[in-house]
Amino acid sequence: MDVTFLIDSLNDTQRQAVTAPSKSMLILAGAGSGKTRVLVHRIVWQIQVEGLSPHSILAVTFTNKAAAEMRERIEKLLNIPTRAMWIGTFHGLAHRILRRHAQQAKLPDTFQILDSDDQLRVIKRLLKSMSIDDKKWPPRQVQWFINAQKDEGLRANHIADTGDYFVKQMLVLYKAYEDICNRSGLVDFAELLLRAHELLRDNPDLLHFYQRRFRQVHVDEFQDTNTIQYAWLRLLTEGQDNLFIVGDDDQSIYGWRGAKIANIFSFQKHYPNHEIIRLEQNYRSTGNILHAANKLIAHNSNRMGKQLWTDAGEGELISLYSAFNEQDEAYFVVERIKQWIEKDGLKQDVAILYRSNAQSRQFEERLMTAAIPYRVYGGLRFFERAEIKSSLAYLRLLSNRNDDPSFERVVNTPTRGIGAKTMDSLRDLARSEEISLWDASTALLKQDFFTARASNALKKFLQLINDLEFLCEELELFEKVKLVGEKCGLIELYKKEKDDRGEARIENLEELVNAARGFDYHADNEENLNELDMFLAHASLESGEMQGANSDDCIQLMTLHSAKGLEFKQVFMVGLEEGLFPSGQSVDDIARLEEERRLCYVGITRAMEQLYISYAESRRLYGKETYPSPSRFLREIPAEFTQDVRIRANITQPSAKKQSASLASQSTYRAGQKVSHPKFGTGLVLQIEGEGKQEKVQVNFNGGRKWLMAAYARLEIL
DNA sequence: TTGTTCCAGCTTTTT
DNA sequence: GCTGGAACAA
C-alpha cells in the first residue's frame, strides 16, 4: 500500500514517532512542533500499515475541541468515518463506559451529570440543611476538597481521620454529599472518572474486555493528566505496553486543578520498554521568539529538557513597552493594532493575552473607542446560562424525577407560590426518609400536610411535569425542547423583564431549540441512551463553544490559560508585573512560581511573527493605586532578543544599551528636598524608589503622602 | 416577592 | 472599585 502521503510531510523525528513499532512511547512535543499531526498520523499509520481495526483505537484528549479536531483530521486522512474509534475526552469516555455498564457501576440507568455549578448548589443546600455555618466552611472550599479527593481516587472512607478538625468536618460533608448524589442519581465530573476507574478495577472481566479491545491507547496533553486519569490509563494498558502519550512538561499549567507533571516520570517507571522522542523543531515562531522562550524556561528546575529551534530565521526582536499605567498600556496596544490593520493585517491574527480576566476591561474600552471589533474568550458558556440551565432542568425532571438539584432549580421558577416554607418541609422529609424531593412532595400531599394554597401550587407543579412528559412522548427532540420552553412559563417570565436581558434570554431559549434540532443522534450509540438523555448528557459534558460560531474577523482577547494550543501572528502579552504575573499568590512557592513561568512560556510561544510584552508602572488594582515592579520574567529574557519601545517619541532602542545607561543615571531627587506639584502644591520628598523611567518619589504634601512617578509627575524642585 | 442595601472578596478553567 | 450574594424592608 502506498503510504507516502502519511510520512512525506513529516520531519525525521516526527516520522520516527509515527512509524515506530507498536509499544509504549513518550513524545515530548514542544510548542508548535506538530504534536497533533504526529498523533493523527500515528493513528492512521496503525490502521493503514499495521492493519489495526479502527475499533481497537482509543484516543483521549482533555477538551471536546481537541477531540473534534483529531477526529476531523483522521477522517480527512483515512477517508472513512471514524465512528468506530473511541476518540473523546476523559470525561466523555468515562461517561460512555458508565452508561454501558450502569448496573455494574452501581448507578441507576437514568443517572444524570452534575456540573460544577449544580455541584456548588448541592453543597450550599447541604450546609444549610445541616445547619453548618457557611462563613466558617465556605461552600467553594468544600467543593474543592471533595473534587480534590476524587481526583486523587479517594473516597471518604479512604481518608484517614487524623483527628484534624478541618479534615474531620470535610469528611462528614464529603459523605453527606455522596449520599445526596447517590439518592438523586447524580454524578459530578470528578465522579465520572473515579467511578469509571473503580468499575474497571473491580470487574476483571470487564477490564479484560476493554484491554483486549483497545490495542492502542493514545493520550494528548499528557502533562495535564491527574492521578485518577493516569490510574485509569494504567488499568487499560496493564501488561500491554501500548500507551502512546504526547505532552510537554514545559506547558503544564493546570497543576492547580490536580494535573500532575510527575505522571510523566511515573510513566517512564511503569512502562520500562518505552521510547522517548523529542519534537524540538518549531514551525510556528521566529528565532528570536524561540530563543527568548528557551532562555526563560531554562530557569525552571525539574524539567525533562528541550530546546526549540527553527530554520525560519531570527525575525523581529521582541518589543518591550513600559507603560505609565494600565490605560497607557491599553492605548499603546491599540495603537499598534491600528498600525497592523493599516498594513492589511487580519484582526483575527492578533491576540491580547493577560493573566487574569479582570485585565480585559481597559483593552475592551480602547478597542471600542477605536471601533475595532474584538472578541473576549471565557465567561459564560452557552449551556451554563441561567435560562438554558432552567430549561434543561425541566427536561431532566422528565427523565429523572429524583434529580433534586433540577427540582430545586425550577420548582418555583417562574414563581408559582412554592415558597421557602413549603420547600423546607419537603427538604426535611426528603432528608429524614432519604428520598427525593419529588417523592417527598407526593408523600406530603397524600398526608394533606400543606395549606390549601401551598398544596395546590405544589400539585400544579407535579402535574405540569407529568403532563409535559406525556405530551412529549411522541415528539421529536427539538419539539420537546420547544414545548417545554413554552409550557413551563420561562418565556413569559423573561418577556416581563424590562431591559433587553429578557429578550436575549428568549433568544437563547430559541437557540437551544436549534441546538436540539441540529443534534447529531445515533440510535445505536454506545451509551445506550435515548435521544433526550443523550442531549442532556451532551449539554453537561460539552458546555458549548457555541461562541465559536462567531467567525467575524476580530481581535482575540483571552487569558494565557485559554491561549494554550492556539497561535497568532501578532501577540501582545500584557501586565508583566510582579504580583500580577507572576500572580502574587504564587510567588512564595517554587512549584507554583515555576507554573507561572511555564504560563509565560506558553504565552511567548503563541506568537508567530511579532511579540509585544508590556507592563505598567502604576496600576489601579481593587480600587487602589499600586506601583508594581516589572515581572521577574522580563529579566529572564536576555536583552539581545528584545527592544524597548517608546510610543510618544516613537523611537526604539536595544534594551541592552538602555539598561547599562540607566544603571549610571542618578536620581535628581533627594530626601528632604522641597518640591512643588501643579495639583498637590508644595511638599517634602520622603523617599525615592527605582530609577530612570521607573523612578518613584514619595512626597509629603499638605493633603497627605503620595507616591509619584518622577518621569510624569512634573515636580519642580524648589 | 421584589427591590434595596450592605458586605466580602478579588488568579487561572475543563469536564 | 466593582460585583455578586445574602440579608432585610416594604
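A note on names: the letters A, B, ... follow the listed sequences, proteins ahead of strands, and every chain is numbered from 1.
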Practice task
Verify the distance criterion only: is there a donor paired with an acceptor across the side chains of A:Arg71 and A:Thr82 at less than 3.5 Å?
Solution key: yes

Exercise for the section: Could you go through the side-chain hydrogen bond (donor to acceptor under 3.5 Å, both in side chains) check for A:Asn528 and A:Arg99 one step at a time? Expected result: CA-CA 7 Å; A:Asn528 304 320; A:Arg99 286 289 178 195; over 6 Å; no

Exercise for the section: Ignoring backbone atoms, establish whether A:Asn357 has a side-chain N or O less than 4.0 Å from OP1 or OP2 of B:dT13. Expected result: yes

Handout entry: Donor on one side chain, acceptor on other, A:Asp188 and A:Tyr177, under 3.5 Å
Key = yes

Handout entry: Whole-Å distance separating the CG atom of A:Asn412 from the P atom of B:dT1
Key = 7 Å

Practice task
Looking at every strand, decide which applies to A:Ser583 at a 4.0 Å heavy-atom threshold: base, sugar-phosphate, or nothing.
Solution key: base

Practice task
Provide the distance between the two P atoms, one in B:dT12 and one in C:dG5, to the nearest whole Å.
Solution key: 16 Å

Handout entry: Most 5' of A:Leu192 and A:Leu599 on DNA chain B, judged by nearest nucleotide
Key = A:Leu599

Fill in the blank from the handout: Nucleotide by nucleotide, nucleotides 4-10 of chain C touches protein heavy atoms under 4.0 Å in the pattern (B base, S sugar-phosphate only, - none) -------

Handout entry: Positive for ring-ring contact (aromatic ring centres under 6.0 Å, His included) with A:Phe222, one of A:Phe62, A:Phe90, A:Tyr230
Key = A:Tyr230

Fill in the blank from the handout: When every non-hydrogen atom of A:Glu329 is compared with those of A:Gly575, the smallest separation belongs to OE2-N, 2.9 Å

Handout entry: pi-stack flag for A:Trp256 and B:dT12, centroid dist under 5.5 Å, interplanar under 30°
Key = yes

Practice task
Take the protein atom CG of A:Leu193 and the nucleotide atom C1' of B:dT14, then report the distance between them rounded to whole Å.
Solution key: 11 Å

Exercise for the section: Check the side chains of A:Ser390 and A:Arg409 for a donor-acceptor pair under 3.5 angstrom, ignoring hydrogens and angles. Expected result: yes

Handout entry: Residue-phosphate contact under 4.0 Å: A:Tyr622 side-chain N/O, B:dT11 OP1/OP2
Key = yes

Problem - Any A:Arg381 side-chain nitrogen or oxygen under 4.0 Å from OP1 or OP2 of B:dT14 - result: yes

Exercise for the section: Would you kindly say whether A:Asn263 and A:Thr225 are connected by a side-chain donor-acceptor distance under 3.5 Å? Expected result: yes

Exercise for the section: Return the nearest nucleotide to the side chain of A:Gln585; candidates are B:dT11, B:dT2, B:dT13. Expected result: B:dT11

Practice task
Just call it for A:Glu596: base, sugar-phosphate, or nothing, with non-hydrogen atoms closer than 4.0 Å on any strand.
Solution key: base

Practice task
Rounded to the nearest angstrom, tell me the gap between atom CG in A:Leu541 and atom C1' in B:dT13.
Solution key: 16 Å

Completion exercise
Residue set satisfying salt bridge (charged side-chain N to carboxylate O under 4.0 Å, His left out) with A:Asp533, at least two apart, ordered chain then number -> none

Completion exercise
From CG of A:Leu621 across to C1' of B:dC10 the rounded distance in Å is 9 Å

Exercise for the section: Between B:dT15, B:dT13, B:dT2, spot the one nearest the side chain of A:Arg257, thanks. Expected result: B:dT13

Exercise for the section: Sort out for me which residue in A:Lys128, A:Arg125, A:Arg121 forms a salt bridge (charged side-chain N to carboxylate O under 4.0 Å, His left out) with A:Glu408. Expected result: A:Arg125

Practice task
Would you verify whether the NZ or CZ of A:Arg96 falls within 45 degrees of the ring axis of A:Trp86 while also being under 6.0 Å from that six-membered ring's centre?
Solution key: yes

Exercise for the section: Under 4.0 Å between any heavy atoms, over every strand shown, what does A:Arg361 touch: base, sugar-phosphate, or nothing? Just pick one. Expected result: sugar-phosphate

Exercise for the section: For A:Asp224, answer base if it contacts any base atom (sugar-phosphate contacts may also be present), sugar-phosphate if it contacts only those atoms, and nothing otherwise; contact means non-hydrogen atoms under 4.0 Å. Expected result: nothing

Handout entry: Donor-acceptor pair under 3.5 Å, A:Ser562 side chain vs B:dT13 base
Key = no

Exercise for the section: Please state how far atom CE in A:Met558 lies from atom P in B:dT14, giving the value in whole angstrom units. Expected result: 11 Å

Problem - Gap in Å between the two P atoms, one belonging to B:dT11 and one to C:dG4, rounded - result: 15 Å

Problem - Between P of C:dG1 and CD of A:Gln359, the distance in whole Å - result: 18 Å

Exercise for the section: Return the value, rounded to whole Å, for the distance between atom CD1 of A:Ile253 and atom P of B:dT13. Expected result: 9 Å

Problem - Side chain of A:Ser116 (C-beta onward), nearest among B:dT15, B:dT11, B:dT13 - result: B:dT15

Practice task
Tell me which residues in residues 87-100 of chain A put a heavy atom below 4.0 Å from DNA chain B, sorted by number, or none.
Solution key: A:Thr89, A:His91

Practice task
Would you mind reading off the distance between A:Arg140 atom CZ and B:dT11 atom P, rounded to a whole angstrom?
Solution key: 12 Å

Practice task
Verify whether the ring centers belonging to A:Phe633 and A:Phe581 lie closer than 6.0 Å.
Solution key: yes

